[in-house]
Amino acid sequence: MSEKWYNETLFENYGQRFKIDNVLFENQTTHQHLVIFENSQFGRVMALDGVIQTTTRDECIYHEMMVHVPVLAHGKAKRVLIIGGGDGGILREVLKHKSVEHVTMIEIDAAVVEMSKQFLPSISNGAFEDPRLNLVIADGMDFVRDCKEKFDVIITDSTDPIGPGEILFTDDFYSAAKRCLNEGGIVASQNGASFLQEWEFEGTYRRLSSLYKSPWFYLAGVPTYVGGFMTLAWATDNEAYRKLPVETIRARFNANPFQTKYYNPEIHVSAFNLPQHVLDKLANINVTTSAVA
Ligand code: SAM
């Protein structure tokens, strides 16, 4: 039988491919093309509209870094908002924090949640049953636009700025999300790999700079997110958050201990150190700094 391969189409002129050992689910949902398949190197793999979303082998890296860096930097996050994250990995990690009393999760595609529960159960690991969760199937943009609630940490775990994810990289979304953030809150979002998607982090930096006093990025190396380090977007009005000493992060982590596979306090504090090519780009971006007091 001829071998079947899944070719990622994130970039027109470059890409990775996965040998498909077994297709578990494939369908055009109401919003995107969803496929989940088995691969001997990365376990179970989910892709949306031709772009790898998560794999059971390396999902821990991204989900731990997207959650524990903002939540432990904040130090007393009670209310968390997740935009996207349909596989449940972000939700799973957020719920490990005892300080978190409530999580609202806004996912546009119910099929991603349902198929992740069925075919990728290790990623959500029962998180969808947690009583602290309010799961809303809706467009994240609509939610933040109309939102009357406030949150301490907002994590946008979206697809790339194509299809339904595109709106989550706009001025409208970032400014509406800021209105949903409590005083002293932190936002973090998926923002591509800076080495190949420079335009993405440049645009994000420009947008966040007009809203927050301390926009920045932090790094995570995720094998199946091609292009080098993922440059996760970060923004808050409290610059001190990203400069907390490792002893502070270690004390907070030890006060609420849980198993991780990638995250630790040393990686947390070092993640904010950016490559020179990123620093040079950021230095040359004309930003209208936040007038927000
Ligand atoms: N970790 C992955 C990454 O870094 O690319 C993202 C994984 S997660 C599966 C992405 C989720 O964002 C998907 O479930 C998708 O349905 C959701 N999504 C895309 N656009 C959205 C929108 N406008 N509102 C809410 N969820 C959205």
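Predicted, not measured: the structure shown is a model, and the values here were computed from it. Read the numbers this way: they start at 1 and go in the same order the structure lists the ligands and their atoms.
Within the structure, the closest approach of Met66 to ligand 1 does not fall below 4.0 Å when heavy atoms are considered. Ligand 1 is never approached by Thr54 to a heavy-atom distance shorter than 4.0 Å. Residue Ala138 places a heavy atom under 4.0 Å from ligand 1.
In this structure, Lys76 places its NZ atom where only 12 or fewer heavy-atom neighbours from other residues, nucleotides or ligands lie under 6.0 Å away. More than 12 non-hydrogen atoms from other residues, nucleotides or ligands lie less than 6.0 angstrom from CZ of Phe143. For Lys78, the NZ atom sits in a loose shell: 12 or fewer heavy atoms of surrounding residues, nucleotides or ligands are nearer than 6.0 Å.
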Step by step, work out the salt bridge (Lys or Arg N to Asp or Glu O under 4.0 Å) result for Lys117 and Glu114. CA-CA 5 Å; Lys117 281 182 187 174; Glu114 292 314 312; 3.7 Å; yes

Verdict with supporting geometry, His277 and Phe195, ring pair (Phe, Tyr, Trp, His ring centres under 6.0 Å): CA-CA 8 Å; His277 74 90; Phe195 194 76; 5.6 Å; yes

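Close approach of ligand 1 to Tyr62 (heavy-atom distance below 4.0 Å) involves ligand atoms 1 (N), 4 (O). If you number the atoms of ligand 1 from 1 as listed, the ones under 4.0 Å from a heavy atom of Ile106 come out as 25 (C), 26 (N). Those atoms of ligand 1 that come under 4.0 Å of a heavy atom in Tyr225, given as number and element, are 1 (N), 2 (C), 3 (C), 4 (O). Atoms of ligand 1 found under 4.0 Å from any heavy atom of Val112 (numbered from 1 in listed order, with element): 14 (O). Within the listing of ligand 1, atoms 12 (O), 17 (C), 26 (N) sit less than 4.0 angstrom from a heavy atom of Gly84. Listed by atom number, the atoms of ligand 1 under 4.0 Å from Ile167 heavy atoms are 23 (N). Each of the atoms 16 (O) of ligand 1 lies under 4.0 Å from some heavy atom of Asp109. Proximity to Thr159 (heavy-atom distance under 4.0 Å) selects the following atoms of ligand 1: 10 (C), 12 (O), 19 (C), 20 (N).
The N/O atoms of Met46, backbone and side chain alike, include none that comes under 3.5 Å of an N/O atom in ligand 1. Between Glu107 and ligand 1, a contact under 3.5 Å exists for at least one N or O pair. The distance criterion of under 3.5 Å between nitrogen or oxygen atoms is not met by Asp160 with respect to ligand 1. Where the criterion is an N or O separation shorter than 3.5 Å, residue side chain and backbone included, Gly140 meets it with respect to ligand 1. For ligand 1, the polar-atom distance check against Asp87 finds no nitrogen or oxygen pair separated by under 3.5 Å.
If you check which protein heavy atom lies closest to atom 4 (O) of ligand 1, you get Gln190 CG, 2.9 Å. Among all protein heavy atoms, the one lying closest to atom 22 (C) of ligand 1 is Leu168 CD1, 3.6 Å. Nearest to atom 23 (N) of ligand 1 among the protein's heavy atoms is Pro164 O, 2.9 Å. Of the protein's non-hydrogen atoms, Ser158 O, 3.4 Å is the one closest to atom 5 (O) of ligand 1. Looking only at heavy atoms of the protein, atom 7 (C) of ligand 1 is closest to Gln53 OE1, 3.3 Å. Counting protein heavy atoms only, atom 10 (C) of ligand 1 is closest to Asp157 O, 3.3 Å.
For the pair Lys281 and Phe201, the cation-pi criterion (under 6.0 Å, within 45° of the ring axis) is not fulfilled.
Ring-centre distance between Phe169 and Tyr174: not below the 6.0 Å cut-off. For His97 and Phe258, the ring centers are positioned less than 6.0 Å apart.
A donor-acceptor distance shorter than 3.5 angstrom exists from the side chain of Ser99 to the backbone of Ala77, with no hydrogens or angles considered.
Shown are Asp157, Thr55, Thr54; of these, the side chain to side chain donor-acceptor pair (under 3.5 Å) with Tyr62 is made only by Asp157.
Taking the six-membered ring where the residue is Trp, Trp234 and Phe272 present perpendicular rings, their angle passing 60° and hence far from 30°. Below 30°, between 30° and 60°, or above 60°: for Tyr205 and Phe217 the angle between ring planes is between 30° and 60°, a tilted geometry.
In this structure, a donor-acceptor pair under 3.5 Å is absent between the side chains of Gln53 and Asp87.
Across Ile90, Val51, Ile108, heavy-atom proximity to atom 18 (N) of ligand 1 is greatest for Ile108.
Under 4.0 angstrom from ligand 1, the non-hydrogen atoms of Gln32 all belong to its side chain.
Between Val112 and Met46 there is a side-chain heavy-atom pair separated by less than 4.5 Å.
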